[in-house]
There are 2 protein chains.
Amino acid sequence: MITPSETWLEQLHDNGYRITAARRAVVDTVFGSTHALTPSEVFDTARKKYRALGLVTVYRTLEKLEELHLIQRVHQPLGCQAFISAGHGHQHLLLCQQCGQVEFFEGDDLDALTKSIARKTGYQIQEHWLQLFGLCANCHS
Amino acid sequence: MITPSETWLEQLHDNGYRITAARRAVVDTVFGSTHALTPSEVFDTARKKYRALGLVTVYRTLEKLEELHLIQRVHQPLGCQAFISAGHGHQHLLLCQQCGQVEFFEGDDLDALTKSIARKTGYQIQEHWLQLFGLCANCHS
DNA sequence: ATAATAATTGAAAATGATTTTCATTAAGGA
DNA sequence: TCCTTAATGAAAATCATTTTCAATTATTAT
Ligand SMILES: [Mn+2]
Ligand SMILES: [Mn+2]
Ligand SMILES: [Zn+2]
Ligand SMILES: [Zn+2]
């Protein structure tokens, strides 16, 4: 674990947010998950750690974690409500279509492509979304 | 216009769907739009062409057009409910962050990248999503 | 052209996800 | 420990989408 979930709590604290049992439960659930989780899935899991948790608090906590760039929304063919720990620096996602596992990768070089497209279209290209889908080592073979 | 909107109606017909005034209005609205449109936006525009149109029919027609691959959903930072005419063959989207104009481009070559990622991660990569964001010629300059 | 049929329609109701409201609780600095 | 104020969960409200259903209409068979 490169970033202990404690760091997320510290970050919340450093940004003026309080550390509560509800937030601990949500943070502990989302941090370290290898699958993107919807608010409802976070709720189900986090409630096992903190029974009194409310779904509303899950929404509110995810909102703050996203605002601090600690988590990011994952767009998938079947829905775009799930979240995962954010990558560090410029990274992209690789998703297993079978089991839903999420990995990050980096090292894509789209400079030649974006320059070529910019020239052809007249666009000033600012950013890109790239995502790979496939089968993880466990799911194929 | 490479594909007249008549073709969309023909396609609907060829797939056993009937041609109705409501569907004409939706098809005429979505076909040829240079911006991705939400169901509600389609409704507002299409209703000008066919006053009796119901929002439900917009949802149902978009569903069929997507099923026939005539339109495709557009994922954006602010939402993923909008649709645009589908590209032909293997193409990706280029979106203007200012005015929302959508263009297609092709010719990306991700083979080297996907092979490298496959080797490093053990994934069997099946497909990719790539989208560029920027400012169109009108919006910058 | 007419009639028969089955798909399509729009309104209304139902559903599901997310947001807002609000009285109560509790974090954390003084 | 006390005080202030952020945070909480329940309930209600909102918003997007889907389902239901009786009426309408496109298409096929006559
Ligand atoms: Mn990149
Ligand atoms: Mn491609
Ligand atoms: Zn897998
Ligand atoms: Zn523009």
Side-chain angles (χ1 to χ4, degrees), chain A residues 6 8-30 36-68 70-71 73-83, chain B residues 6 8-30 36-68 70-71 73-83:
Chain A
E6 280 302 316
W8 286 18
L9 295 171
E10 277 172 34
Q11 291 245 35
L12 283 169
H13 187 259
D14 292 350
N15 283 80
Y17 296 121
R18 294 178 179 178
I19 311 277
T20 67
R23 284 175 181 166
R24 275 180 202 285
V26 171
V27 162
D28 285 352
T29 298
V30 179
L37 301 172
T38 62
S40 161
E41 288 168 338
V42 171
F43 179 61
D44 290 341
T45 303
R47 200 154 52 137
K48 288 172 190 152
K49 303 169 201 253
Y50 179 62
R51 244 19 243 69
L53 182 65
L55 177 58
V56 196
T57 298
V58 172
Y59 276 95
R60 289 189 280 224
T61 303
L62 291 176
E63 190 176 62
K64 283 164 185 63
L65 293 175
E66 188 180 25
E67 169 194 321
L68 298 179
L70 297 173
I71 62 173
R73 185 177 295 271
V74 177
H75 298 258
Q76 287 182 270
L78 288 178
C80 308
Q81 311 78 27
F83 292 88
Chain B
E6 280 303 314
W8 286 18
L9 295 170
E10 275 171 36
Q11 292 245 36
L12 283 169
H13 186 259
D14 292 351
N15 284 81
Y17 297 120
R18 295 177 178 179
I19 310 278
T20 67
R23 284 176 180 164
R24 275 180 202 287
V26 170
V27 162
D28 285 351
T29 298
V30 178
L37 301 172
T38 62
S40 162
E41 288 168 338
V42 171
F43 179 61
D44 291 341
T45 303
R47 202 155 51 139
K48 289 173 190 152
K49 305 170 200 252
Y50 179 63
R51 272 266 132 257
L53 182 64
L55 177 57
V56 195
T57 298
V58 172
Y59 276 96
R60 288 190 281 225
T61 303
L62 291 176
E63 189 176 64
K64 284 165 183 62
L65 293 175
E66 188 181 26
E67 169 193 322
L68 298 178
L70 297 173
I71 63 174
R73 186 177 295 269
V74 177
H75 297 258
Q76 288 182 268
L78 288 178
C80 308
Q81 313 78 26
F83 293 88

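For the numbers below, each heavy atom of this structure counts, side chains included, while hydrogens, waters and symmetry mates do not. Order of the sequence lines sets the chain letters (A, B, ...), proteins ahead of strands, with each chain counted from 1.
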*Asks:* Could you tell me how far apart A/Tyr17 (OH) and C/dG29 (P) are, to the nearest whole angstrom?
*Replies:*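 To the nearest whole Å, that distance equals 16 Å.
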*Asks:* From the set D/dT25, D/dA7, C/dT9, return the single nucleotide nearest to any side-chain atom of B/Arg18.
*Replies:*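 Taking heavy atoms from C-beta onward, the closest nucleotide is D/dT25.
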*Asks:* Please give me the minimum heavy-atom distance between A/Phe43 and A/Gly54, naming the atom from each residue.
*Replies:*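 Closest heavy-atom pair between A/Phe43 and A/Gly54: CE1-C, 3.6 Å.
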*Asks:* Do A/Gln81 and A/Gln76 touch side chain to side chain, with heavy atoms closer than 4.5 Å?
*Replies:*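 They are not in contact (no side-chain heavy atoms under 4.5 Å apart), so the answer is no.
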*Asks:* To the nearest Å, how far apart are A/Lys64 NZ and D/dA6 P?
*Replies:*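 Roughly 12 Å, once rounded to whole Å.
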*Asks:* Among B/Thr29, B/Val58, B/Asp28, find the one that has a side-chain contact (heavy atoms from CB on, under 4.5 Å) with B/Thr45.
*Replies:*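 Of all the options given, the one that passes is B/Thr29.
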*Asks:* For the pair made of CG in B/Leu55 and P in D/dC15, what is the distance, rounded to whole Å?
*Replies:*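 Answer to the nearest Å: 14 Å.
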*Asks:* Quick one: A/Ile19 CD1 to C/dG28 P, roughly how many Å, whole number?
*Replies:*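 Distance, rounded to whole Å: 6 Å.
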*Asks:* For A/Gln81 and C/dT19, what is the distance between atoms CD and C1' respectively, to the nearest whole Å?
*Replies:*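 Whole-Å distance recorded here is 16 Å.
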*Asks:* Taking atom types as they are modelled, is there a donor-acceptor pair under 3.5 Å from the base of C/dT8 to the side chain of B/Arg23?
*Replies:*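 Side chain to base: no pair below 3.5 Å.
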*Asks:* Output the single nucleotide from D/dT17, D/dG9, D/dT27 whose closest atom is nearest the side chain of B/His13.
*Replies:*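 From the listed options, D/dT27 comes nearest.
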*Asks:* How long is the line joining CD of A/Glu63 and P of C/dT19, in whole Å?
*Replies:*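 Taking atom P of C/dT19 as the reference, CD of A/Glu63 is at 7 Å.
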*Asks:* Please walk me through it: do B/Val30 and B/Trp8 pass side chain to side chain contact (heavy atoms under 4.5 Å, CB included)?
*Replies:* CA-CA 11 Å; B/Val30 178; B/Trp8 286 18; 4.2 Å; yes
*Asks:* Taking the minimum atom-to-atom distance to the side chain of A/Thr57, which one of D/dT27, D/dT8, D/dT18 wins?
*Replies:*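 Nearest to the side chain of A/Thr57 among the choices is D/dT8.
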*Asks:* I need the minimum non-hydrogen distance between A/Leu55 and A/Pro39, along with the two atoms involved.
*Replies:*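 A/Leu55 and A/Pro39 have their closest heavy atoms at CD1-O, 4.0 Å.
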*Asks:* Is A/Arg60 side chain donor-acceptor paired with the D/dG9 base, going by distance under 3.5 Å alone?
*Replies:*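 Looking at the base of D/dG9, it does pair with a donor or acceptor on the side chain of A/Arg60 (distance under 3.5 Å).
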*Asks:* Nearest to the side chain of B/Thr20 - C/dT8, D/dT18, D/dA7?
*Replies:*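 When the side chain of B/Thr20 is considered, C/dT8 is the closest of C/dT8, D/dT18, D/dA7.
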*Asks:* Please determine, for the side chain of B/Val56, which listed nucleotide (C/dA26, C/dT20, C/dA12) has the closest atom?
*Replies:*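 Nearest listed nucleotide: C/dA12.
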*Asks:* Separation of B/Leu12 atom CG from D/dT27 atom C1', in whole Å?
*Replies:*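 B/Leu12 atom CG is separated from D/dT27 atom C1' by 15 Å.
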*Asks:* Looking across every strand, which nucleic acid part, if any, lies under 4.0 Å from B/Ala21 by heavy atom: base, sugar-phosphate, or nothing?
*Replies:*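 No contact.
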*Asks:* Give the rounded distance in Å between these two atoms: OH of B/Tyr59 and C1' of C/dT8.
*Replies:*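 Going from B/Tyr59 (OH) to C/dT8 (C1'), I get 19 Å.
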*Asks:* Scan B/Tyr50 against the nucleic acid and name what it touches under 4.0 Å (heavy atoms): base, sugar-phosphate only, or nothing.
*Replies:*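 B/Tyr50: backbone/sugar contact only, no base atoms under 4.0 Å.
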